[in-house]
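In what follows, every chain begins at residue 1, and chains take the letters A, B, ... in the order their sequences are listed.
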Amino acid sequence: MARKLLLTHIDVPGIQAFDVYRQKGGYRAVEKALKTLTPDEVVDEVKKSGLRGRGGAGFPTGMKWSFLAKPEGVPRYLVCNADESEPGTFKDRYLMTHIPHALIEGMIVASYALGANTSYIYVRGEMMPQVRILERAIAEARQAGFLGKNILGVGYDLELYVQPGGGAYICGEETALLESLEGKRGNPRIKPPFPAVSGLYNCPTVVNNVESIAATVPIINDGGEEYAKIGIERSTGTKLISAGGNLNNPGVYEIELGLPVEEFIYSDEYCGGIANGKRLKAVVAGGSSVPILPANLILKTLKGESRLMTYESLADGGFQSGTMLGSGGFIAFDEDQCIVRNTWNFTRFYHHESCGQCSPCREGTGWMEKVLHKIEHGHGSFSDIDLLVDVSKKIEGNTICPLGDAAAWPVASAIRHFRDEFEWHITNGQEAQARNFGLAHYADPLEPVV
Amino acid sequence: MLSVKHNEPVEFAEDLLGKFAEIVARYPEGRQKSALLPVLHEVQAVYGWLSVPAMDRVAAYLGIEPIEVYEVATFYTMFFLRPQGKYALEVCRTGPCCLVGAERIMKHLESRLGVKEGEVTPDGLFSWRGVECLAACGYGPVLQIGPEYTFYENLTEESVDKLIDELKEKAVAIG
Ligand SMILES: Cc1cc2nc3c(=O)[nH]c(=O)nc-3n(C[C@H](O)[C@H](O)[C@H](O)COP(=O)(O)O)c2cc1C
Ligand code: SF4
Ligand code: FES
């Protein structure tokens with residue numbers, strides 16, 4: 001059995017409640033941090049752990065914390081990013097629903113490390129039930145003396161609030177999130193200044209994903225070095241993977257980083273293989289924004305090495321033949337799924353969610369959506385494929401925030417790896433109109449890569 | 001777009017104002033605008049949608065300009081700018097859910113309720129629309145119903161029928 005650090009007690013009845021969580025060793029990290037470590041020592045432990053941000057970008061958490069500006073007399077803020085809107089990702093919802101105190105405990109530890117006396121958890125508005133769960137957990141923690149004034153008698157004060165969003169994917173981008181938390185439209189800010197210098201209310205701010213914050217609990221309990229022993233290379237610790245699409249056992253899994261992708265998909269401990277006895281066609285490994293890979297390339301790298309669930313291994317081959325771990329939103333496509341239809345769907349999503357500030361993103365996503373709709377519905381021409389590549393290149397790197405890139409990559413990678421399927425839609429227009437799935441284009445998962 | 005058809009004046013009840021005060025207390029002095037999204041959710045939970053008079057009241061309460069409320073209400077998809085069905089069904093229409101049949105569920109809703117996406121049934125009970133990924137992709141197809149955002153997972157045509165029947169009964173029971 002793989003080691004679990006975040007979901008250790010997920011099956012304990014009543015673990016949602018403070019008393020049960022506490023009985024299982026909960027809030028020990030708060031006691032240890034506040035009573036035996038200075039804030040800087042907590043930051044050091046997180047640095048030693050090698051923890052990388054679990055929200056998608058994978059930036060080292062300890063390093064981010066050490067960049068936080070600390071001007072005299074200016075409040076600092078910790079804001080938890082619980083916006084979780086990247087298609088394919090549903091791990092934060094799972095954690096907050098089932099072990100809310102893991103997040104609350106992490107928030108206290110992290111706020112202490114950063115010297116924040118007011119912290120916010122920004123939860124996407126659709127997760128109203130989770131907002132209620134977290135509010136209840138906060139009330140329980142406060143009752144037990146872990147929040148409020150003079151926590152554990154060490155003279156540290158902390159107030160924790162939950163803020164619902166309004167239904168906008170872009171508010172997962174950290175500066176858009178801060179705008180939203182200030183009661184404005186979710187338009188990303190131009191960086192610099194970075195939030196570490198000027199974030200919420202123009203004060204130094206750290207924004208971290210739910211899972212990153214929860215991971216600080218085992219890091220403080222066992223020490224950063226222990227945490228770093230799990231995993232491979234610069235991919236340390238465990239990671240929550242949201243597994244969806246055509247799998248026998250979709251759901252949220254905590255894996256040790258370094259697990260082979262093939263084992264994750266086919267072993268009964270994890271996804272249990274492809275549903276309905278079908279074959280694997282493609283995988284989007286890290287949420288809708290990362291490049292899609294055909295079955296052969298997700299299981300093995302171009303060099304023929306077994307692909308592992310790590311930041312490095314998934315990125316092996318760059319964008320030519322690799323992808324990214326991203327947020328850990330793992331989407332499996334069976335042999336009957338249409339890549340063109342899915343690419344159109346994702347592009348529609350990005351167009352819908354573009355905040356509209358930058359023309360390449362606002363116009364480019366809409367243009368790509370139209371062209372993809374045309375191709376999917378059997379009215380495309382060959383030049384449309386090149387047009388898509390061209391538009392996606394013009395968006396990439398030319399926008400204020402990474403949503404533009406996130407919209408461009410899925411299109412570019414789908415064409416790179418499944419060009420024949422786009423062409424099939426164009427040469428078989430009539431048939432494409434009649435069926436909503438594509439060619440059975442897949443590589444036999446067991447066949448070696450050429 | 002804001003609805004100009006409905007401009008009956010709005011007076012917020014005491015308990016709603018109490019909730020507003022609780023929310024505003026979460027932010028530093030002078031930063032009460034931060035309360036805007038949570039306050040709009042509370043208003044929508046009571047009225048079912050956001051009318052211009054209701055938004056103007058919110059602006060006055062928070063000491064901000066009405067336009068600051070409108071620009072926010074029109075940006076975020078959760079805020080309804082016109083009346084919805086008593087039960088506003090929102091089905092996830094994004095890629096991962098489509099791999100497991102979300103498009104079929106939306107077609108079924110359309111024919112079962114007899115109204116197109118965004119429209120309200122003649123009895124005022126239902127409206128429906130597709131929304132983007134609800135962070136439940138492993139349990140798709142999924143739908144949610146405000147204001148508490150109750151969640152329904154692994155939908156089939158049969159489970160959707162059952163849900164609609166139950167909601168109808170519930171509506172009769174509460175009158
Ligand atoms: C369009 C867009 C959407 C994002 N959505 C999320 C999200 O839902 N949750 C999240 O934690 N990070 C999201 N991010 C990443 C955040 O900007 C930020 O990097 C992250 O919250 C930092 O936390 P971490 O270092 O703990 O990962 C998004 C980024 C972009 C560009
Ligand atoms: S890239 Fe798109 S979402 Fe990001 S700021 Fe520009 S228009 Fe807005
Ligand atoms: S795609 Fe439907 S919940 Fe994520």
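A donor-acceptor pair is defined here as one N or O able to donate and one able to accept, closer than 3.5 Å; such a pair exists between the side chain of A:Q163 and the backbone of B:S34.
For the pair B:P28 and A:Y77, the tightest heavy-atom approach, listed with the atom from each and the gap, is CG-OH, 3.4 Å. Of all heavy-atom pairs between B:L99 and A:I331, the closest is CD1-CG2, 3.6 Å. Of all heavy-atom pairs between B:C98 and A:N345, the closest is SG-ND2, 3.4 Å. When all heavy atoms of B:T94 and A:R348 are compared, the closest pair comes out as CA-NH2, 4.1 Å.
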(request) Kindly determine whether B:Y76 and A:S180 satisfy side-chain hydrogen bond (donor to acceptor under 3.5 Å, both in side chains), including the steps that lead there. (result) CA-CA 10 Å; B:Y76 295 95; A:S180 181; 3.0 Å; yes
(request) May I have the step-by-step check of side chain to side chain contact (heavy atoms under 4.5 Å, CB included) for B:Y27 and A:Y161, ending in yes or no? (result) CA-CA 9 Å; B:Y27 318 101; A:Y161 300 109; over 6 Å; no
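By the 4.5 Å heavy-atom criterion applied to side chains, B:P96 and A:F330 are not counted as neighbours. Looking at A:M128 and B:H41, their side chains come closer than 4.5 Å, going by heavy atoms from C-beta outward.
Interface with chain A: from residues 111-141 of chain B, residues B:E132, B:C133, B:L134, B:A135, B:A136, B:C137, B:G138, B:Y139 qualify, criterion being any non-hydrogen pair under 4.5 Å. Residues of residues 60-75 of chain B having a heavy atom under 4.5 Å from any heavy atom of chain A, listed by number: B:E71, B:V72, B:T74, B:F75.
Counting heavy-atom pairs closer than 4.5 Å to chain B, the top residue among A:G356, A:A243, A:S85, A:G166 is A:G166. In terms of heavy-atom pairs under 4.5 Å with chain B, the best-connected choice from A:S288, A:G165, A:S242, A:G251 is A:G165. In terms of heavy-atom pairs under 4.5 angstrom with chain B, the leader among A:G88, A:P129, A:G186 is A:G186. Interface remark: of the candidates A:E159, A:E84, A:R124, A:R124 forms the most heavy-atom pairs closer than 4.5 Å to chain B. Heavy-atom pairs under 4.5 Å with chain B were tallied for A:A275, A:G329, A:G125; the largest tally goes to A:G125. Among the candidates A:L181, A:N342, A:V252, the residue making the largest number of heavy-atom pairs closer than 4.5 Å to chain B is A:L181.
Heavy atoms closer than 4.5 Å to chain B are found in the side chain of A:E353, but not in its backbone. With a threshold of 4.5 angstrom between heavy atoms, A:Y94 approaches chain B through side-chain atoms but not through N, CA, C or O. In this structure, no portion of A:Y169 lies under 4.5 Å from any heavy atom of chain B. Contacts between B:A45 and chain A at a heavy-atom distance below 4.5 Å are absent for every atom of the residue. Heavy atoms closer than 4.5 Å to chain B are found nowhere in A:V131, neither backbone nor side chain. Looking at A:I170, only its side chain comes within 4.5 Å of chain B, counting heavy atoms on both sides.
Other residues, nucleotides and ligands contribute over 12 non-hydrogen atoms within 6.0 Å of the NZ atom of B:K33. Counting heavy atoms of neighbouring residues, nucleotides and ligands inside a 6.0 Å radius, atom CD of B:E14 does not exceed 12 of them.
Here CG of B:L36 is found 12.0 Å from CZ of A:R185. Values are rounded to the nearest 0.5 Å. B:R31 contributes atom CZ, which lies 6.0 Å from atom CD of A:E182 (distance to the nearest 0.5 angstrom). For the atom pair NE2 (A:H352) and CZ (B:R93), the distance works out to 5.0 Å, reported to the nearest 0.5 Å.
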